[in-house]
Amino acid sequence: MNWTGAGDLESVVTGWVVWLVFGLLVVPLLIGTIHTPLMVPLALPGYLLMVALTVVGSYVIPQYAYWLYWVPFVLGSFGIAVVASASYHWIKSKY
Amino acid sequence: MNRRRFLAASGAVLGSMVAGMAAERGYDRPNGRGEVKPANDMAVSVDTILKGTEQKTEVYTIRADDPRPTAVIVGGIHGDEANGYLAAERIVGWRIDRGSLVIIPRANVVAIDNHRRTGREGDLNRHFPPGTEPTTELARAIWGVVAEADPDVVIDLHSSRGIFRTHPRWAGQAIFPTDADGAVADAAAVAENMNDHVVPRTMWLHRFEWGNVHRGTKLRFIHKVAGDLEKPGFVVELTEFLLDLDTQVQWTLAVTEQLLERNGIQRIGDSP
């Protein structure tokens with residue numbers, strides 16, 4: 001990536017791509033968890049991420065209640081969103 | 001719409017959803033007593049076991065004109081598994097074409113009132129040794145109801161933190177049959193039907209399956225059913241993972257209805 005300053009970093013970390021990806025991962029799953037009939041296909045990416053976290057976590061910390069996984073899930077979703085945003089900006093700068 | 005307005009609107013929408021769903025369920029508190037409304041046109045009798053003790057609990061019997069076959073349905077053996085006792089209470093209101101349902105909705109009242117897995121005498125589901133008398137007063141009273149009913153099928157309603165064969169140690173989204181004739185086939189068929197018609201495709205890791213066959217080798221209630229009665233018995237396990245309580249109850253009811261139907265008891269209508 002061709003970094004030109006703090007403005008680029010800010011757009012990667014807080015730009016619309018971050019919020020779009022973060023929202024797609026978290027919001028549909030959150031709504032589907034509160035009310036299962038609303039677990040629509042849009043929730044699938046977040047659903048898979050949450051299941052993967054709990055499966056791995058079950059081996060590492062067996063007694064960790066699953067609702068506590070919302071903390072690493074939200075943080076992980078933000079990390080994925082930042083990576084997606086950085087990829088978007090890198091591709092944009094290339095073409 | 002600026003960010004602050006968006007967040008405020010989102011919060012209001014989510015808040016109203018939660019409040020609306022709580023009102024829809026009619027559950028004032030997690031371990032609150034649900035409504036027990038027997039159907040007007042069914043013969044329903046109510047007995048109480050362990051009267052005069054803190055463990056007293058109701059036993060409901062629904063009888064159609066033709067009283068056989070008989071099913072025993074037990075909820076609330078573990079007090080922190082709300083789907084079981086809430087579903088069992090709703091079954092009290094079912095109408096059936098033939099046969100009898102003997103329902104103990106809240107087997108372990110003390111555990112339910114404390115919203116804990118165990119009650120005054122520990123884990124109730126470890127007090128049913130096959131081939132001999134249950135080891136606690138409550139377990140003996142429950143088994144007395146089962147023995148008197150002489151059931152053709154027994155269904156034990158539970159929930160689990162995780163998903164069977166996905167999360168290690170947990171048993172949710174599974175139907176565990178006894179080794180009686182036809183029980184495995186029933187469990188497999190009901191699991192397949194739930195996956196085809198009830199579980200959303202998005203939640204493909206929440207698909208049901210039939211689990212380990214119980215053969216009367218442990219101290220659990222369903223093992224005593226397998227060992228002493230040698231009749232079809234099923235543990236129905238829902239998961240609490242990513243499922244709201246109302247869905248847990250609805251899916252518990254759907255599984256129970258299909259198991260009953262496959263064992264000769266057809267539910268009439270769809271209320272409540």
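Below, chain A is the first sequence line, B the second, and so on; all start at residue 1.
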*How would you list, in number order, the residues of residues 64-72 of chain A that have a heavy atom less than 4.5 Å from chain B?*
A:Y64, A:A65, A:Y66, A:W70
*Around atom CZ of B:R165, are there more than 12 heavy atoms of other residues, nucleotides or ligands at under 6.0 Å?*
yes
Counting only pairs under 3.5 Å, give me each side-chain donor-acceptor contact of residues 169-176 of chain B, with atom names and distances, residues two or more places apart or in other chains.
residue : atom : partner : partner atom : Å
B:Q173  : OE1  : B:T239  : N            : 2.9
B:Q173  : NE2  : B:H206  : O            : 2.9

_Partner set under side chain to side chain donor-acceptor pair (under 3.5 Å) for B:R201, not counting sequence neighbours_ = none
*asked:* Rounded at 0.5 Å granularity, tell me how far CG in B:L242 sits from CE in A:M39.
replied: 5.0 Å
*Output the distance between atom CG (B:L243) and atom OG1 (A:T33), rounded to the nearest 0.5 Å.*
9.0 Å
*Checking A:T36 side chain against B:D244 main chain: does a donor-acceptor pair fall under 3.5 Å?*
yes
*Within residues 75-82 of chain A, residues adjacent to chain B where the heavy-atom gap is under 4.5 Å*: none
*Could you grab the distance from atom OG1 of B:T202 to atom CG of A:L42, nearest 0.5 Å is fine?*
9.0 Å
*Quick one: what part of A:V27 sits under 4.5 Å from any heavy atom of chain B, side chain, backbone, both or neither?*
neither
